[in-house]
Amino acid sequence: KLVALTHKLFLLQTGEAAVGKSSLVLRFVNDEFQENKEPTIGAAFLTQKCRLEDKVIKFEIWDTAGQERFHSLAPMYYRNAQAAVVVYDVTKAASLDKAKSWVKELQRQANPNIVIALAGNKIDLVQPVDDGEEDPVESGRQVPTEEAKAYALEAGLLFFETSAKKGDGVRDVFTEIAKKIPLE
Ligand code: GTP
Ligand code: MG
């Protein structure tokens, strides 16, 4: 009988406060969503095992706090990270700026081989508006998909739009990261 080896994958969640970092992890790990999730203090550690093709991957996730007063703790968590999910909120333009500054910091200071995914969360808050024109208009959105995608391409990041609330795109973030990491 063949027993699959478990590969550990150390992953970090960063991004501005309240963009939904903890909610994305909670969706991935427990398939749950909490409407009024409390802010993370310091960081939370969660794990999740996944099958990917013939491998078993154990994600070891540091979900860090976005509040500025915790920023100085971040290096402790990204030092050994193989991957990072940098989250912003598609309904909040400033959160993409914050995400970009996180990407810069990670690319300068973290493991040089780190795989970074950019995740635009809360797409459930974006509503299509039928204004009779050909190009679709959306209400609620402050960060156009194409703008974030172009930035991700230029910076060498994986790119996703997600809804922790509905579950859209969440699993892809983690499985696409796992596919990009050479597992021993
Ligand atoms: P910090 O820990 O303070 O850095 O925040 P966070 O990034 O972990 O955000 P958190 O997951 O705590 O979510 C903040 C708020 O946004 C909560 O009230 C969530 O319910 C809500 N939220 C998170 N993800 C989504 C989403 O995909 N859609 C909607 N509509 N709300 C979301
Ligand atoms: Mg949190």
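In each ligand, atom 1 is the first atom listed, and ligand 1 is the first ligand listed.
Close approach of ligand 1 to Ala65 (heavy-atom distance below 4.0 Å) involves ligand atoms 4 (O). Close approach of ligand 1 to Ala18 (heavy-atom distance below 4.0 Å) involves ligand atoms 1 (P), 3 (O), 4 (O), 5 (O), 6 (P), 7 (O), 9 (O), 14 (C), 16 (O). The atoms of ligand 1 that sit less than 4.0 Å from any heavy atom of Pro39 are 2 (O), 3 (O). Remark: ligand 1 atoms within the under-4.0 Å shell around heavy atoms of Ser163 are 27 (O). Every atom of ligand 1 is numbered from 1 in the order shown, and the set under 4.0 Å from a heavy atom of Leu125 is 30 (N). Interface atoms of ligand 1 facing Ser23, defined by a heavy-atom separation under 4.0 Å, are 10 (P), 11 (O), 13 (O), 19 (C), 23 (C), 24 (N). With ligand atoms numbered from 1 in the order given, ligand 1 contributes 24 (N), 25 (C), 26 (C), 27 (O) to contacts under 4.0 Å with heavy atoms of Asn121. Distances below 4.0 Å separate heavy atoms of Gln34 from the following atoms of ligand 1: 19 (C), 20 (O).
Both the sub-6.0 Å distance and the 45° axial angle are satisfied by Lys100 relative to the ring of Tyr151.
The protein heavy-atom contact nearest to atom 7 (O) of ligand 1 is Lys21 NZ, 2.7 Å. If you check which protein heavy atom lies closest to atom 16 (O) of ligand 1, you get Lys122 NZ, 3.1 Å. For atom 28 (N) of ligand 1, the closest heavy atom belonging to the protein is Asp124 OD1, 2.7 Å. From the protein, the heavy atom lying nearest to atom 9 (O) of ligand 1 is Gly20 N, 3.1 Å.
Centroid-to-centroid, the aromatic rings of Phe28 and Phe59 come within less than 6.0 Å.
Applying the salt bridge (Lys or Arg N to Asp or Glu O under 4.0 Å) test to pairs two or more places apart or on separate chains, those with a residue in residues 142-157 are Glu146-Lys149.
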Test log, rule side-chain contact (heavy atoms from CB on, under 4.5 Å), inputs Asn121 and Val90: CA-CA 6 Å; Asn121 190 42; Val90 296; over 6 Å; no
Stepwise side-chain contact (heavy atoms from CB on, under 4.5 Å) check, Lys179 with Leu52: CA-CA 8 Å; Lys179 286 184 195 164; Leu52 191 74; 3.9 Å; yes
CA sep, side-chain torsions, deciding dist, call: Lys104, Gln107, side-chain contact (heavy atoms from CB on, under 4.5 Å): CA-CA 5 Å; Lys104 259 194 206 141; Gln107 289 182 332; 5.6 Å; no
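Polar contact check, Phe33 against ligand 1: no nitrogen or oxygen pair lies under 3.5 Å apart. Backbone and side-chain nitrogen or oxygen atoms of Gln67 are examined, and none is located within less than 3.5 angstrom of a nitrogen or oxygen of ligand 1. Inclusion of Ser22 in the set of residues having an N or O under 3.5 Å from an N or O of ligand 1 is warranted. For Lys165, a nitrogen or oxygen atom sits less than 3.5 Å from a nitrogen or oxygen atom of ligand 1, counting backbone and side chain alike. The distance criterion of under 3.5 Å between nitrogen or oxygen atoms is met by Gly66 with respect to ligand 1.
Residue Phe70 comes nearest to Ala65 through the heavy atom pair CD1-CB, 3.3 Å, listed as atom of the first residue, atom of the second, then distance.
Applying the 6.0 Å contact sphere to NZ of Lys37 captures more than 12 heavy atoms from other residues, nucleotides or ligands. Environment of CG in Asn80: sparse, with no more than 12 heavy atoms of neighbouring residues, nucleotides or ligands closer than 6.0 Å.
At distances below 3.5 Å, not a single donor-acceptor pair connects side-chain atoms of Thr47 with backbone N or O atoms of Glu60. Although no hydrogens or angles enter the test, the distance criterion places no donor-acceptor pair under 3.5 Å between the side chain of Arg141 and the main chain of Val126.
Around the Mg ion (ligand 2), protein N, O or S atoms at less than 2.8 Å number 2.
Contact annotation: for Thr40 versus ligand 1, heavy atoms closer than 4.0 Å belong to both the backbone and the side chain. Proximity of Val19 to ligand 1, defined as any heavy-atom pair under 4.0 Å, is shared by backbone and side chain alike. In Ala164, the parts holding a heavy atom less than 4.0 Å from any atom of ligand 1 are both the side chain and the backbone. For Glu35, every heavy-atom contact with ligand 1 shorter than 4.0 Å involves the backbone, none the side chain.
Side chains of Ser163 and Asp124: a donor on one and an acceptor on the other come within 3.5 Å. Side-chain contact annotation: Thr145 with Glu161, donor-acceptor N/O pair under 3.5 Å present. Side-chain atoms of Ser22 and Thr40 form a donor-acceptor pair, as typed in the model, at a separation below 3.5 Å.
In this structure, Glu105 does not pair ionically with Arg108, as no charged nitrogen and carboxylate oxygen lie closer than 4.0 Å. Electrostatic pairing of Lys21 and Glu16 does not count as a salt bridge here, judged by no charged N lying under 4.0 Å from a carboxylate O.
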